[in-house]
Amino acid sequence: MGCPFDQVVERRSTGCVKWDGLLESFGREDLLPMWVADMDFRPPEAVVQAVTQRAQHGIYGYEKRPASFDEAVLGWLQSRHGWDVDPAWLIHTPGVVAGLTFAVLALTEPGERVVIQPPVYPPFFAILRSNGREVVENPLVESGGRYVMNFEELEELFRSGVKTMMLCSPHNPVGRVWTKEELETLAELVLKYDVTVLSDEIWSDLVFAGSKHIPFATLAPEIAQRTVTFNAPSKTFNIAGLYVSNGIIPNPQLRAKICQLMERLSVGAIGFFGLVAAEAAYRSGAPWLDSLLTYLEENGNYVRQELGRIAPQIKINKPEGTYVLWLDCRELGLPYEELNQFFVQHAGLALNEGSAFGSAGLGFQRMNIGCPRSLIGEALRRIEHALSAL
């Protein structure tokens with residue numbers, strides 16, 4: 001039968017941003033898309049069957065979230081991450097970005113400073129700026145072939161009065177899975193300066209061998225009381241278009257503020273297809289995920305090996321998780337505008353340009369490797385051909 005992840009599934013004309021949004025975003029439709037962070041893989045067959053069975057019923061009225069759904073979420077968190085979550089802590093939002101937005105609106109005031117760690121997922125900037133909060137940057141630094149937190153600078157920011165932090169764990173786009181020691185150092189600062197952490201853990205299930213995701217809230221009860229965590233099955237099982245995510249909020253006061261805001265905005269509903277898909281994934285998707293992780297790690301190794309051969313000027317730190325690679329293209333010697341044009345116009349690739357992740361991303365590109373290896377091989381051939389013409 002072959003590896004199911006090697007199957008190329010035609011996604012054009014399905015209304016997906018990744019393939020059908022090329023002309024709008026890049027000015028060309030003939031690019032190979034390796035930008036938007038969803039995968040070109042079908043989800044576990046149990047998910048497809050569950051959604052199909054529900055669709056065949058033929059009546060799609062208002063949904064009621066079944067108790068079995070929450071049980072599946074809690075069971076996954078316990079079995080996958082060793083996190084025993086009280087059912088009372090659990091809420092649901094139509095996406096992690098939506099959840100982070102609700103938390104920012106409910107727990108901070110206009111004009112308040114919030115720290116983020118660029119280069120980081122672009123919505124972190126957008127959530128804060130579009131809602132009148134001040135972005136305070138604590139850039140990651142490269143050390144020993146990987147990015148690390150600048151704790152000395154972070155403490156200065158907390159000492160200056162910053163009381164809220166948005167944490168990306170695992171980190172998008174640099175692929176770090178923070179160690180227990182790193183998180184404990186962060187936790188010490190959080191406790192010392194009474195900081196609230198909004199933790200985006202959407203990539204928590206996509207961690208490679210040798211690394212382990214540790215939910216920040218599990219470090220200590222007092223840390224749990226200062227942490228609002230959001231995760232989701234969307235990245236894990238490739239069901240982002242079904243818009244379902246989980247919020248875990250042990251602190252009853254923080255949880256009440258967020259829930260009250262959601263009630264005022266009337267945004268708490270989740271479509272039943274999302275509920276059905278997520279429950280099936282959490283209950284039956286573990287073997288599929290284990291196979292996926294092996295495939296993704298091999299994809300990353302393949303890209304690093306081949307780029308080392310055909311384009312040694314492009315550097316990549318070995319990712320510890322996620323399915324995005326952070327390409328350091330600064331040694332190509334191309335100005336920022338020309339770098340983007342190189343990949344689009346000369347290589348025929350749609351990547352995420354680095355400046356979207358903050359000024360620390362200038363000279364970088366983000367590459368999505370959540371696709372069949374044959375497409376990655378084609379991308380590498382295009383890069384090799386484009387470089388030969390420089």
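Scope of the values below: all heavy atoms of this structure, side chains included, with no hydrogens, waters or symmetry mates.
- Side-chain N or O atoms of Thr93 include one that pairs as donor or acceptor with a backbone N or O of Gly95 at under 3.5 Å.
- Inspection of the Gln365 and Asp328 side chains reveals no N or O donor paired with an N or O acceptor under 3.5 Å.
- Between the Arg226 side chain and the Glu222 main chain, a donor and an acceptor come within less than 3.5 Å of each other.
- Taking every heavy atom of both residues into account, Pro139 and Glu153 meet most closely at CD-OE1, 3.3 Å.
- Between Trp203 and Tyr323, the ring planes lie perpendicular to each other; the angle is over 60°, past the 30° to 60° tilted range.
- Checking side-chain atoms of Asp20 against main-chain N and O of Thr14 turns up a donor-acceptor pair under 3.5 Å.
- For the pair Ser204/Lys235, no side-chain contact is recorded, criterion being any heavy-atom separation below 4.5 Å from C-beta on.
- A distance of 6.0 Å or more separates the ring centres of Tyr121 and His171.
- Listed by chain and number, the residues in a side chain to side chain contact (heavy atoms under 4.5 Å, CB included) with Leu265 are Phe102, Leu261, Val267 (sequence neighbours excluded).
- Of the possible polar contacts, one joining the Lys18 side chain to the Asp38 backbone as a donor-acceptor pair under 3.5 Å is found.
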query = Hey, mind stepping through Trp35 and Val324 against side-chain contact (heavy atoms from CB on, under 4.5 Å) and telling me if it holds?
reply = CA-CA 9 Å; Trp35 58 308; Val324 293; over 6 Å; no
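- Of the possible donor and acceptor atoms, one in the side chain of Lys163 sits under 3.5 Å from a partner among the backbone N and O of Tyr193.
- In this structure, the ring of Trp178 has its center no less than 6.0 angstrom from the ring center of Phe216.
- Tyr295 meets the ring pair (Phe, Tyr, Trp, His ring centres under 6.0 Å) test with Phe5, Phe41; sequence neighbours excluded.
- Taking a 6.0 Å sphere around OH of Tyr302, one finds it holds more than 12 heavy atoms contributed by other residues, nucleotides or ligands.
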query = Which is it for Asp205 and Arg80 under the salt bridge (charged side-chain N to carboxylate O under 4.0 Å, His left out) test, yes or no, and what are the steps along the way?
reply = CA-CA 8 Å; Asp205 298 318; Arg80 205 77 191 182; 5.0 Å; no
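- Remark: the backbone N or O of Ser355 is paired with a side-chain donor or acceptor of Glu353 at under 3.5 angstrom.
- For Tyr282, the ring pair (Phe, Tyr, Trp, His ring centres under 6.0 Å) partners are Trp76, not counting sequence neighbours.
- Heavy-atom minimum distance, Glu137 versus Leu157: O-CD1, 3.9 Å.
- Looking at Arg28 and Gln345, their side chains do bring a donor and an acceptor atom within 3.5 Å of each other.
- With a 6.0 Å radius and a threshold of 12 heavy atoms from other residues, nucleotides or ligands, Lys318 has its NZ atom above the threshold.
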request  = Could you go through the ring-ring contact (aromatic ring centres under 6.0 Å, His included) check for Phe273 and Tyr60 one step at a time?
outcome  = CA-CA 9 Å; Phe273 284 121; Tyr60 315 122; 5.8 Å; yes
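- Each of Phe364, Phe125, Trp326, Phe124 was scored for a ring pair (Phe, Tyr, Trp, His ring centres under 6.0 Å) with Phe357, with one residue passing: Trp326.
- Not one N or O on the side chain of Asp70 forms a donor-acceptor pair closer than 3.5 Å with the backbone of Leu90.
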